[in-house]
Amino acid sequence: MRAYFSLLRIRFINGLQYRAAALAGISTQFAWGFMEILAFSAFYRANPDAFPMEFSQLVQYIWLQQAFLGVIVPWSWGGNITETIVNGNIAYELVRPMNLYNRWYFESLANRLANAAMRCLPILAVAFLLPAPFRMNLPANLGGLGLFAVSLTLTVLVVSAYVILDYISVFYTMSRYNAIFSVAADFLAGGYIPLSFFPATLRRILELSPFGAMQNLPLRIFNGEIAGSDAMWGIALQVFWLIVMVLLGKLLMKHSLKRVVAQGG
Amino acid sequence: MKLYLKYFAINLKCQMQYKAAFFIHLLSRVVLSFATVASVLVMFARFNEVEGFTLSQVLLCASAILMSFSITEVFARGFDIFPRLLGNGEFDRYLVRPRGIIYQVTASHMEFGRLGVFVQAIAVLCYAIPNSGVVWTWDKILTLFLMITCGAVVFAGLYIIFASFTFFTTEGLEFMNILTHGGKEFGRYPFVIYGGGILKFLTYVVPLAVVQYYPLLYLLGMEDGVFYMLCPLFGILFLIPSYIFFRIGLRRYKSIGA
């Protein structure tokens, strides 16, 4: 276990090195969030009654999403794991006396944490200072913040487990472009538009699915759309999906490593 | 030109060697752009119009910009991976060959899997064309054609600028994403919905609205000046500053390759 934590630390420190990249990233994400809010405000102007939430709640959702983008997106950051599978360097990993699943899991977790550690505060700080319609506000009910923190943590754990399923699929397809999973997940988890905008039946199905257990839950707890027992229920679901995905990942990993052929040197 | 076709054929043959990988890539691109279109569909399940544009009109706009973008991604891919070309020394080899630099960068890297977006955009267009209420006369067809081709040119200009920055920084600049990927992503709605300031910026600084919003008005019969129809041609002018910038970067380039 200690080995994994030092791995976590090394990766995290490594990630903190790229401060200029983080600065560029922050400004990009900032512009991105701004454009998103402008697009939604056009829809709001068209018909405020059809808007499923208050406009300020949407603004909270978008800024929070941009601030924590690094930890909540269902794709990997700066990892070259798929690359090692395709080019055969995976053989080196296999001879190490470490469980490959755990190793990948902690690596992916560390990359995420480092990424978010540098980006979240500057983005939030500016978002709180913006003029009125774009300004980020604290939730009306501060008690929700605790639930938000729990749910955000679980989201990071769920997403990391999901990404590993993506890596494992590379063993079978040998293609670097398995973006299908991550993009689909991003959309279904509310990465493009909050699930609140989805048609009711679809939304309910997605909320029960593993995708609902990703960014959807913490962001909507923060903006007050999901509260009280609903939030507790959602968190329970997150725990359930986390266990399912880790077990599934370990199982598939065992199967795929049995048939892995390392070619060349 | 003959040489370009040869490059084209080699690129194509190379990528067709790995058929499964090619189709997975293609499919992943379809899914990728499907998310863009699906988000429009979800919004319009709830709203009837935005800034006066209906669903099929927005889809018309979205498919044109997706097509432009995917054309650029296939044929100007070399500029997208430019940091890599500098890093592994491939670019230095281009410098010693008796052909134009930009020519070689474009010709050596084409990625046909990225046509996935195009495939999907055609499907969207097939839905949008009959439903958008446009009477398809020759001038409307020409307008759409100009929107798509000149749009690809503007995106190519952005890619060249992105690559030129690499001469100074050696690393890719994430900030350009807001204009390239952002242009595609936010270009699914007519740029006017983002307000006057953004529209002005996208007209006079980075001419994305020139190939999207203004000709769209002509297409939908909201404006009928010939100016609106031929507007996309101005987008081609964008290549001039991008080219100049590229030359400036090239002049101060010192090899960093391995």
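Naming: A, B, ... by sequence-line order, numbering from 1 per chain. No experiment lies behind these values; they were computed from the predicted model shown.
- Interface remark: of the candidates Ile37(A), Leu38(A), Leu188(A), Leu38(A) forms the most heavy-atom pairs closer than 4.5 Å to chain B.
- Between chain B and the options Gly191(A), Ala42(A), Ala50(A), Ser41(A), heavy-atom pairs under 4.5 Å are most frequent for Ala50(A).
- Side-chain contact between Ser39(B) and Phe34(B): absent, with no pair of heavy atoms (C-beta onward) separated by less than 4.5 Å.
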**Report entry** Verdict with reasoning, Glu51(B) to Arg45(A), per salt bridge (Lys or Arg N to Asp or Glu O under 4.0 Å)
**Finding:** CA-CA 8 Å; Glu51(B) 217 60 35; Arg45(A) 257 179 285 136; 2.9 Å; yes
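- Looking at Tyr189(B), the atoms closer than 4.5 Å to chain A (heavy atoms on both sides) all sit in the side chain, from C-beta outward.
- For Phe43(A), the parts sitting under 4.5 Å from any heavy atom of chain B are the backbone and the side chain alike.
- Proximity to chain A is limited to the side chain of Ile198(B), based on heavy atoms less than 4.5 angstrom apart.
- Heavy-atom pairs under 4.5 Å with chain A were tallied for Met43(B), Glu49(B), Glu185(B); the largest tally goes to Met43(B).
- Results of the side-chain contact (heavy atoms from CB on, under 4.5 Å) test with Val74(B) over Leu115(B), Val117(B), Asn11(B) single out Leu115(B) as the only residue that passes.
- For the set Val192(B), Asn177(B), Val42(B), the count of heavy-atom pairs under 4.5 angstrom toward chain A peaks at Val42(B).
- The closest side-chain heavy-atom distance from Val210(B) to Val154(B) is not below 4.5 Å.
- Using bins of under 30°, 30° to 60° and over 60° for the plane-to-plane angle, the ring pair Phe165(B)/Phe245(B) lands in the perpendicular bin.
- No part of Phe191(B) comes within reach of chain A, as not one of its non-hydrogen atoms sits under 4.5 angstrom from that chain.
- Distance OG1/Thr201(A) to CG/Leu206(A): 10.5 Å, rounded to 0.5 Å.
- The aromatic rings of Phe112(B) and Phe75(B) lie perpendicular to each other, with more than 60° between the two planes, well past the 30° mark.
- With chain B as the partner, the residue from Ile193(A), Asp49(A), Ile26(A), Asn47(A) showing the most heavy-atom pairs under 4.5 Å is Ile193(A).
- Only the side chain of Phe186(B) comes within less than 4.5 Å of a heavy atom in chain A; its backbone stays farther off.
- A tilted orientation is assigned to the rings of Phe34(A) and Phe134(A), their planes being inclined by 30° to 60°.
- Phe51(A) touches chain B through backbone and side chain together, each having a heavy atom under 4.5 Å away.
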